[in-house]
2 protein chains.
Amino acid sequence: MSEPTELRDPPQASRRRKPAAKPKGRVTMTDIARAAGCSQATVSFVLNNSPGIRLSQQTRERVIEAARALGYSPPVFSALRPAITPFEGLDGVIGFVVDQLATSPEAVVAIEGARQASWNAGNVLLVAQTMGDAVMEPRAVQALTRRGISALIYMTIFTREIAAPDFLYSLEIPVILLNCYTADYAFPAVVPSEIAGGQSATRHLIGHGHRRIATITGEPWMQAAQDRLKGYRRALATADIPFDPELVVEGDWSASAGYAATVKLLGLKERPTAIFCQNDRTAIGCYEALKEAGLHIPQDISVVGYDDEEIARHLFPPLTTSILPHLAMGQWAIEQLETPPTPGRGRYPITKLECPLVERESVGAVSTQLR
Amino acid sequence: MSEPTELRDPPQASRRRKPAAKPKGRVTMTDIARAAGCSQATVSFVLNNSPGIRLSQQTRERVIEAARALGYSPPVFSALRPAITPFEGLDGVIGFVVDQLATSPEAVVAIEGARQASWNAGNVLLVAQTMGDAVMEPRAVQALTRRGISALIYMTIFTREIAAPDFLYSLEIPVILLNCYTADYAFPAVVPSEIAGGQSATRHLIGHGHRRIATITGEPWMQAAQDRLKGYRRALATADIPFDPELVVEGDWSASAGYAATVKLLGLKERPTAIFCQNDRTAIGCYEALKEAGLHIPQDISVVGYDDEEIARHLFPPLTTSILPHLAMGQWAIEQLETPPTPGRGRYPITKLECPLVERESVGAVSTQLR
DNA sequence: CATCCGTGCTAATAGGTATTATCACATGCG
DNA sequence: CGCATGTGATAATACCTATTAGCACGGATG
């Protein structure tokens, strides 16, 4: 039994195991054990909650403490694997993290876009919610990254600039931002072109002969509200129509605010001939107020909305509105992954996708009215 | 250098490596190597696509072939971990698989319910879609199970009996069926109580004095349509109202079918005083036809819907309808995971959750009409 | 006082994967 | 022919984690 050892001796001469400290990247159970002053086995027991093992609460806590402090994570072998391995069933999994899923349909639409785009390549999409919770968000992301995903799409339900959580920067996979962006342009990002959307909605009204066009805004601190208003002003300026502050009423995206704002607008000595409601809910309230005032849409007054919510097509008359391009945004995000294999993480411009106007029957020519 | 060896000798005496065949459950790289006629190292190189390693295409293929044949999957340490570990970031991850996410809001609502219930325990929900695709479904499920989830919720968008995919049976984690069930009752399952829902909707109309109550069904092959109709008949029977086949018109869940069916009902020599539309879309068409006929809701005729879609509250008048309990179903599913730790996979009864009626303004007393 | 446990942990080891240092073997070259 | 050289694998080993078999020790017991 001793001869075989000899056989391997010459190669062993060149071996130099563990030259000194081993500042390896990963934190191992042994590290935790050292920090907690116990054995690796104990660490294993604690972290796995192994049944039938009795440990003092004290020790458990010390281990967990140390594990947290050192940032232990269990080994995952596939973390860095490319999206498509030659191995069926190990295909790429793309993580999709969103703050809220249920509050509005946009998230689902974006996911659907991403799914469609992923489908061809055989990639699977895993969706996690963070609820904007500072505790749960890292957990949700870790639940994905630890399990080995090949890319991460990070979406917010409201369009806005975000301070990207630190962990986004330390991921070693491509990250795409959807409906949000960071100030440092560190990630590819895509958002709706709200300015262009507000502009084309307004231009649509101008094209129908309207000159006195009111708008009911959303909550002014929201990016979308600011941009849609900006687009409104831009369209007016382009058509050489002077901006009249009286025609801008602040709403809060709600139907009741839309109602109130419309009542206010109708009280003006010179009434608008068209109202650009900056979202569809506002338009619902607006419809209500107009009907109460005995005005007919679109004969007496025209209305456009924004967002193309399900209800827009069921209003009477069906509402002309702008489609949020979340489907396209989801597709775009996946396409980004397919084209360049993460080109040295430089600065990425923010991509904006158009909000196409869908014409229904709430806009009429101004001809029938006094011009 | 030789003394230390001595130090370890006594324990070594007790070593008996690989006593014989080791039919362990998992397929290891060594198994693949044996099958492919190469070394474990080569297998590792191939499966990891290690850069800087040159291997013949032939060998690569042989390895992949063998790996597929044996059903290799990379090691995952957390696969059997309990839902709640003491370790932040290692918390339980619950998989939620649904065939379709975007087509209707129910899936999102159920996910929301599951999320709420998971949240307290700090569990993360990962959602995957299958699109009912026989190829993608296993992949989607594997994307979850391979990565170590502590439970799986399997949902279908339509309530129905399913032939559970084989892989559901071979999972070693709890599986809950949501909005579907298997004939063998192998998994805990929860569905809406559509019969009770149809019954209480009808009873609601009866309670308002209606005796001549029509119903417009959904597509008759769907379980939900059959059950809602069953509930309708049961309510009539309970109130000793004879069932009149003339008052049952087949629809297909669509508004246009609702419109056509209503027209047909209005053509009856003895008109119904109330219509139970078996979903809200049908009710939309129904409203349309009634208004065209000059009838007022609820003065002249009452209408109830089903599903409580968003639009129901925006109709005029707002529609009385039944709420699908998907939120509760999602919560229920999670609660099942928390209570019994998989009690020996026996036969589970199908749990049915109530569809509560939400009363709005589309139902009136029959008093004003000829009785 | 010796014994006998339960308790709380650890040593040792089994069983996996990743990686490094070679190695056998054609193949071309002088 | 003798030798470098590139190619396609492998052996041996480094490093992980999980698990089994005890070990030390304090307190109850006889």
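Below, read A as the first sequence line, B as the second, and so on, with proteins coming before strands; counting in each chain starts at 1.
The shortest distance between the side-chain N/O atoms of A/T28 and the OP1/OP2 oxygens of D/dT17 is below 4.0 Å. When the side-chain nitrogen and oxygen atoms of B/S44 are compared with OP1 and OP2 of C/dT17, none of them lie within a distance under 4.0 Å.
B/T42 has its side chain within reach of B/T59: a pair of non-hydrogen atoms, C-beta onward, lies under 4.5 Å apart. Inter-residue side-chain proximity for A/V63 and A/F45 is flagged as unmet; no heavy-atom pair is nearer than 4.5 Å. Counting heavy atoms from C-beta on, the side chains of B/T182 and B/I162 come closer than 4.5 Å.
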N/O to N/O distances under 3.5 Å, protein versus nucleotides 5-7 of chain C:
unit_1: C/dT7; atom_1: OP2; unit_2: A/R54; atom_2: NH1; d: 3.4

What's touching nucleotides 24-28 of chain C from the protein side, N or O pairs under 3.5 Å?
none

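One can place CE of A/M29 at 14 Å from P of C/dT10, the figure rounded to the nearest angstrom. Rounded to a whole Å, the CD1 atom of A/I53 is 15 Å from the P atom of D/dG22. B/F45 places its CZ atom 8 Å from the P atom of C/dT19, with the value rounded to the nearest Å. The separation between A/R34 atom CZ and D/dC15 atom P is 12 Å, rounded to whole Å. Rounded to an integer number of Å, the gap from CD1 of A/I32 to C1' of D/dT17 is 11 Å.
For B/E65 and B/R62, the salt-bridge test fails: no basic side-chain N is under 4.0 Å from an acidic carboxylate O.
At a non-hydrogen distance threshold of 4.0 Å, nothing from residues 55-63 of chain B comes into contact with DNA chain C.
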Discussion item. Does B/Q40 form a side chain to side chain contact (heavy atoms under 4.5 Å, CB included) with B/R34? I'd like the steps, not just the answer.
Written reply: CA-CA 8 Å; B/Q40 172 265 323; B/R34 193 157 31 234; over 6 Å; no

Practice prompt. Output, in order, the C-alpha distance, side-chain angles, deciding distance and verdict of side chain to side chain donor-acceptor pair (under 3.5 Å) for B/E335 and B/Q331.
Written response: CA-CA 6 Å; B/E335 283 159 13; B/Q331 291 171 338; over 6 Å; no

Worksheet item: Which is it for B/Y181 and B/F187 under the ring pair (Phe, Tyr, Trp, His ring centres under 6.0 Å) test, yes or no, and what are the steps along the way?
Response: CA-CA 8 Å; B/Y181 53 92; B/F187 308 99; over 10 Å; no

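The side chain of B/T42 lies closest to D/dT10 when the candidates are D/dT10, C/dT17, C/dT10. The listed nucleotides are D/dT10, C/dT17, C/dT10; the one nearest the side chain of B/S39 is D/dT10. Comparing D/dC16, D/dA11, D/dT19 against the side chain of B/A41 picks out D/dA11 as the nearest.
Donor-acceptor pairing under 3.5 Å, judged by distance alone, is absent between the side chain of A/Q40 and the base of C/dA11.
The distance between the ring centers of B/F96 and B/Y154 does not fall below 6.0 angstrom.
Judged by distance alone, with hydrogens and angles left aside, the side-chain atoms of B/T156 form a donor-acceptor pair with the main-chain N or O of B/N179 at under 3.5 Å.
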